[in-house]
Peer 1: 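Sharing a structure, written as structure tokens. Questions coming.
As the structure lists them, so they are numbered: ligands from 1, and atoms in each ligand from 1.
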Amino acid sequence: MSEPAERVHVALEERAYDVVIGQGLIAAAGDYLGPLLSKKRAVIVTDSTVAAHHLRPLQAALAQAGIDSAALELPAGEATKCWARLEEVCDWLLAQKVERRDVVIALGGGVIGDLAGFAAAILRRGVRFVQIPTSLLAQVDSSVGGKTGINTAHGKNLIGAFHQPALVLADTGILDTLPPRDLLAGYGEVVKYGLLGDAAFFEWLEANGPALAAGDAAARRHAVRRSVEMKAGIVARDETEQGERALLNLGHTFCHALEAATGYSGRLLHGEGVAIGCALAFELSARLGLCPQEDPSRVRAHLHAMGMKTDLRDIPGDLPGAEALIGLMAQDKKVQDGQLRFILARGIGQAFVTSDVPAEALRGLLQEALAA
Ligand SMILES: NC(=O)c1ccc[n+]([C@@H]2O[C@H](COP(=O)([O-])OP(=O)(O)OC[C@H]3O[C@@H](n4cnc5c(N)ncnc54)[C@H](O)[C@@H]3O)[C@@H](O)[C@H]2O)c1
């Protein structure tokens, strides 16, 4: 008998919603979705890998509650978050006669959540959507907070909208089918929460991370819940990233440059880039005298112990030089008046935003990291 589901509330007044976390939620999806539907019909956007495991059980659960459903399966992978697929999703939703009061279900990882969420944001100037995140990354991060969007040749997530879901169903049981590499990539975002704002959670991860990776259901659930609680709190205080929400981008300035440098390919998954980026952000913080010298080693030791990519040399293939990477960072959405902004730390669990990073410190850090 599994534990009853838990709820984390995202307190955004008329855009407020719950994130439900627990095992077996897909099987009960009809009960959760029924109250949101104006007619007993739902449309599902998913990818073919997720569909192979979880689409039929979801459609069966909906049917059990008398809800008819249709599904669009897209190719799995980051390349799907593009203009052409956005057009395909929008045209399909219109062909399905999705109206303002209907609900679009995003069943998948961050790619499907971001793409289907963005399509829902712009379709008929906004229809409601429900996130059923299936990857660890999506459960702890991308399904919560309403950031939706696609990539372009100019960079990651440069086209998008804030559009909050009406409900998030995080079924931790479905992480069992996630390939180990994707699970560890999602773990990069989990570690990020500890590093940015909760030293005790980072300590808990140091002790329990290996069990979580090995499949311990209670550890997975605790990590998802704590991460979602932290994200929900930050999003409720700063929905559109005027201040505190930028802390969630710890490691991301480096990550986005590395993802662009590796062509958004299988060479580097987003969460892997976040983990490497967090290690670099702590290294930079220590070099600037902001955090204790031992913190970057502790961060790297934990990532290493988890069998994760930790250093630039762990990325297969060649990387461009330090100047080229800095050039890619300049495309980051956090750039203001041409000034790069970084999330640095005064210690584990104490991140802050700053534009005050001397160019030579950044160049030196990257040159050494590339040569290591
Ligand atoms: N909106 C946000 O706030 C936000 C935050 C962080 C990341 N993101 C975005 O999220 C994306 C990365 O998300 P991701 O890591 O989930 O990638 P993804 O959606 O590509 O999923 C990773 C892989 O795992 C597969 N998969 C997912 N769930 C599965 C399951 N239960 N069983 C078997 N296979 C499964 C997918 O088919 C895919 O191949 C990036 O595009 C990133 O920019 C968005």
Peer 1: Which of these, Arg128, Lys39, Arg41, sits in a salt bridge (Lys or Arg N to Asp or Glu O under 4.0 Å) with Asp102?
Peer 2: Lys39

Peer 1: Measure from NZ or CZ of Arg226 to the centre of the six-membered ring of Tyr193, then state whether that distance is under 6.0 Å and the direction lies within 45° of the axis.
Peer 2: no

Peer 1: Kindly assign one of parallel, tilted or perpendicular to the pair His302 and Phe202, based on the angle between their ring planes and the thresholds 30° and 60°.
Peer 2: perpendicular

Peer 1: Hey, is the main chain of Pro75 close enough, under 3.5 Å, to the side chain of Ser48 for a donor-acceptor pair?
Peer 2: no

Peer 1: I'd like to know if Leu55 and Val130 are part of one continuous hydrophobic network [Ile/Leu/Val/Met/Phe/Trp/Tyr, side-chain heavy atoms within less than 4.5 Å].
Peer 2: yes

Peer 1: For ligand 1, what is the set of protein residues having any non-hydrogen atom at a distance below 4.0 Å?
Peer 2: Asp47, Thr49, Val50, His53, His54, Ala76, Glu78, Lys81, Gly109, Gly110, Val111, Asp114, Thr134, Ser135, Leu137, Asp141, Ser142, Lys147, Lys156, Asn157, Ile174, Thr177, Leu178, Pro179, Asp182, Glu189, Lys231, His270

Peer 1: If the plane angle is over 60° it's perpendicular, under 30° parallel, otherwise tilted; pick one for His256 and His252.
Peer 2: perpendicular

